[in-house]
Structure formats: C-alpha cells, structure tokens
Amino acid sequence: MFPKLFSIGSFYLPTYGLLVATGFLCGMALAQRQARRAGLNPEAVGNLAIYAALVGLLGAKLLMFAMDFGYYARNPERIFSLDTLLSAGVYYGGFLLALAFAWWYLKRQKMPFLVTADALAPGVALGHAIGRLGCFAAGCCWGTHCDLPWAVVFTNREAHDFTGVPLNVALHPAQLYESGATFAVAAALVYASGKPHKPGRILGLYLVLYSIARIAVEFVRNHETGAAVRRPVLVDAMDRNRAAGRGLRPALEDGGQNR
C-alpha cells in the first residue's frame with residue numbers, strides 16, 4: 001500500500017489519482033486506436049472520451065450522494081470535504097450518465113452510437129483496470145479475511161485514517177482480483193473487435209464480462225459498514241454499486257454498420 005507517491009510539505013501526489021489519470025489516458029489512446037480500425041474519426045472519439053469522463057465523474061458522485069443520502073443530510077459539510085472531492089463515487093452512476101451523454105453527443109455529431117460505443121468499450125475496461133491498481137495503492141475497496149498464501153497485509157496508518165482499511169490483518173487483494181479480471185476483459189474486447197461483428201456486440205460483451213467479473217469479486221470484498229471508525233462514504237457507496245448495474249443492456253439499435 002502506497003497512498004502517497006511523494007510529499008512536499010503539506011502537498012502530496014496521491015498514487016490513486018495518478019493511476020486513475022494514467023488509466024484514463026491509456027484508455028483514451030486505446031479507444032482512438034479502435035476508432036481508426038472501425039473507420040471513425042479518432043479525434044472526435046477522443047473528445048467524446050474527455051467529455052464523457054467529466055460527466056461520468058458527476059454521475060458517480062451524484063449516485064454516491066443518493067445512495068448515502070441520510071449520511072449527507074446529517075453531515076452536509078461532508079459534501080464539500082476533501083475526501084468527497086477525491087472520491088471516485090459509484091461506478092455505475094458514472095457509467096450510466098456518461099452513456100446517456102454519449103448517446104446525446106453522438107446524435108448531435110451524427111456519429112453511429114453502437115459502432116462508437118464498441119470502439120470505446122475496450123478503453124473503458126483498460127482504464128478501469130489501471131484505476132483499480134490505484135484503489136490497491138490507496139487501501140480502499142479492500143477484501144475480506146484471507147488465509148491463502150497471496151493474502152495482503154496493509155500497514156499504512158494514513159491509508160487507514162482515510163479509507164478505514166484494517167491494518168495488520170491478512171486480506172484478499174480484492175482490488176487486484178478486479179484489476180486482473182478487467183485487464184482480461186479489455187484484452188477479450190480487443191480480440192473480439194478484430195473479428196466480424198454486429199454493431200453493439202462489443203459493448204454488450206463488455207457489460208456481460210465485467211458483470212461476471214464484478215460479481216465474482218463481490219464474494220471476497222469487504223461490505224461491513226458498522227465499524228467503530230466509519231469508512232468514508234465513497235467506499236460504502238462503491239460497495240453497493242453492484243445493485244445499480246442490474247438490467248444494463250444495449251437498448252439502441254440505430255448505431256450504423258460496423259466497418
């Protein structure tokens with residue numbers, strides 16, 4: 001666990017933030033590569049990725065607030081706190097709002113929705129996988145007790161104070177499980193996109209494969225919320241995002257022909 005990459009006085013560069021930014025840049029680069037293969041304008045796809053990322057951050061935080069409304073109603077000052085500002089929020093809230101924005105944006109730009117979504121999906125998976133490494137560095141989203149040889153033990157006091165991760169306890173590296181699984185999803189999507197397919201097939205494959213991976217990880221991911229030291233709400237809310245993902249499916253059929 002390495003939550004701070006370096007510190008200068010009171011300023012520090014969080015490893016989590018750096019890895020999330022790295023994940024975004026790598027994901028956008030892959031999306032633009034996929035766009036070229038699909039005959040799309042890579043610059044337009046890159047612009048969409050930037051806009052969707054900003055909208056996704058908003059959606060993730062809004063769903064985080066909604067899912068823990070009682071806590072924020074009792075503690076409104078926490079809405080503008082540093083930990084809330086730095087939190088990733090609830091993944092599916094960001095994904096759904098970004099997806100809705102992408103549909104609107106692509107309609108205005110007269111770009112095929114499903115073909116573009118297919119180009120973006122592998123990049124989304126890659127960025128997510130790298131971002132989960134940031135979770136491991138920060139100590140959030142930790143696993144349950146583990147007696148296996150690859151169990152991890154967190155020892156950083158600052159990470160405990162920020163995320164509530166238990167120290168000196170052998171835990172499943174749930175963050176690494178999800179990161180590895182999502183890297184595999186990204187690789188599978190890149191492979192599948194190189195084969196003939198109907199528009200929307202890669203997006204649908206992403207939703208199915210990631211859902212399976214996430215459900216598997218949930219069995220070894222910590223979900224306790226009654227600890228004496230309350231975990232930051234970003235962890236609690238992200239623990240419950242599995243419920244928000246039910247029923248996701250490609251609903252638009254006017255995405256154009258894949259090339």
Side-chain angles (χ1 to χ4, degrees), residues 20-66 88-131 182-183 185-214 241 244-259:
V20 168
T22 301
F24 172 75
L25 294 175
C26 291
M28 186 169 69
L30 178 57
Q32 290 181 307
R33 173 181 176 272
Q34 295 296 108
R36 291 189 189 94
R37 293 177 61 180
L40 299 171
N41 182 347
E43 183 177 354
V45 171
N47 290 338
L48 172 60
I50 294 173
Y51 300 148
L54 295 174
V55 173
L57 285 173
L58 174 63
K61 290 185 185 297
L62 289 176
L63 187 55
M64 180 180 74
F65 294 146
V90 183
Y91 173 73
Y92 283 118
F95 178 79
L96 290 173
L97 191 59
L99 191 64
F101 170 81
W103 176 83
W104 173 82
Y105 178 85
L106 293 172
K107 283 288 188 182
R108 286 182 59 90
Q109 297 297 319
K110 302 187 185 312
M111 296 172 63
F113 176 82
L114 291 179
V115 176
T116 307
D118 285 345
L120 286 169
V124 172
L126 177 62
H128 192 167
I130 297 173
T182 314
F183 272 121
V185 171
L189 296 180
V190 171
Y191 175 79
S193 66
K195 304 293 183 180
H197 60 274
K198 295 181 179 179
R201 179 72 57 83
I202 306 304
L203 174 63
L205 186 62
Y206 165 71
L207 295 175
V208 170
L209 292 180
Y210 175 70
S211 296
I212 293 172
R214 183 55 186 267
N241 69 11
R246 296 173 184 167
L248 285 177
R249 67 182 63 179
L252 299 173
E253 299 179 354
D254 58 347
Q257 297 298 317
N258 187 46
R259 305 174 188 178

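Source: prediction; values computed, not measured. One is the number of the first residue; the rest follow in order along the sequence.
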Rounded to the nearest 0.5 Å, what separates atom [atom1] in [X] from atom [atom2] in [Y]?
| X | Y | atom1 | atom2 | result |
| --- | --- | --- | --- | --- |
| L189 | L30 | CG | CG | 9.0 Å |
| M28 | L120 | CE | CG | 11.0 Å |
| I202 | K195 | CD1 | NZ | 11.5 Å |
| F65 | L63 | CZ | CG | 11.0 Å |
| Q32 | N47 | CD | CG | 8.5 Å |
| Q109 | K107 | CD | NZ | 13.0 Å |

Heavy-atom closest pair, residues [X] and [Y]:
| X | Y | value |
| --- | --- | --- |
| L209 | V185 | CB-CG2, 3.9 Å |
| P112 | L106 | O-CD1, 4.4 Å |
| A98 | A52 | CB-O, 3.6 Å |
| G200 | L114 | N-CB, 3.6 Å |
| Y206 | A121 | CB-CB, 4.1 Å |
| A35 | P42 | CB-CA, 4.1 Å |

Please state whether the rings of F101 and Y51 are parallel, tilted or perpendicular, taking 30° and 60° as the class boundaries.
->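 F101 and Y51: perpendicular rings.
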
Go through the structure and list residues passing side-chain contact (heavy atoms from CB on, under 4.5 Å) with A53, not counting sequence neighbours.
->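 Result, side-chain contact (heavy atoms from CB on, under 4.5 Å) vs A53: F24.
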
Any side-chain heavy atom of [X] within less than 4.5 Å of one from [Y]?
| X | Y | result |
| --- | --- | --- |
| L48 | M111 | no |
| F95 | L207 | yes |
| V190 | L126 | no |

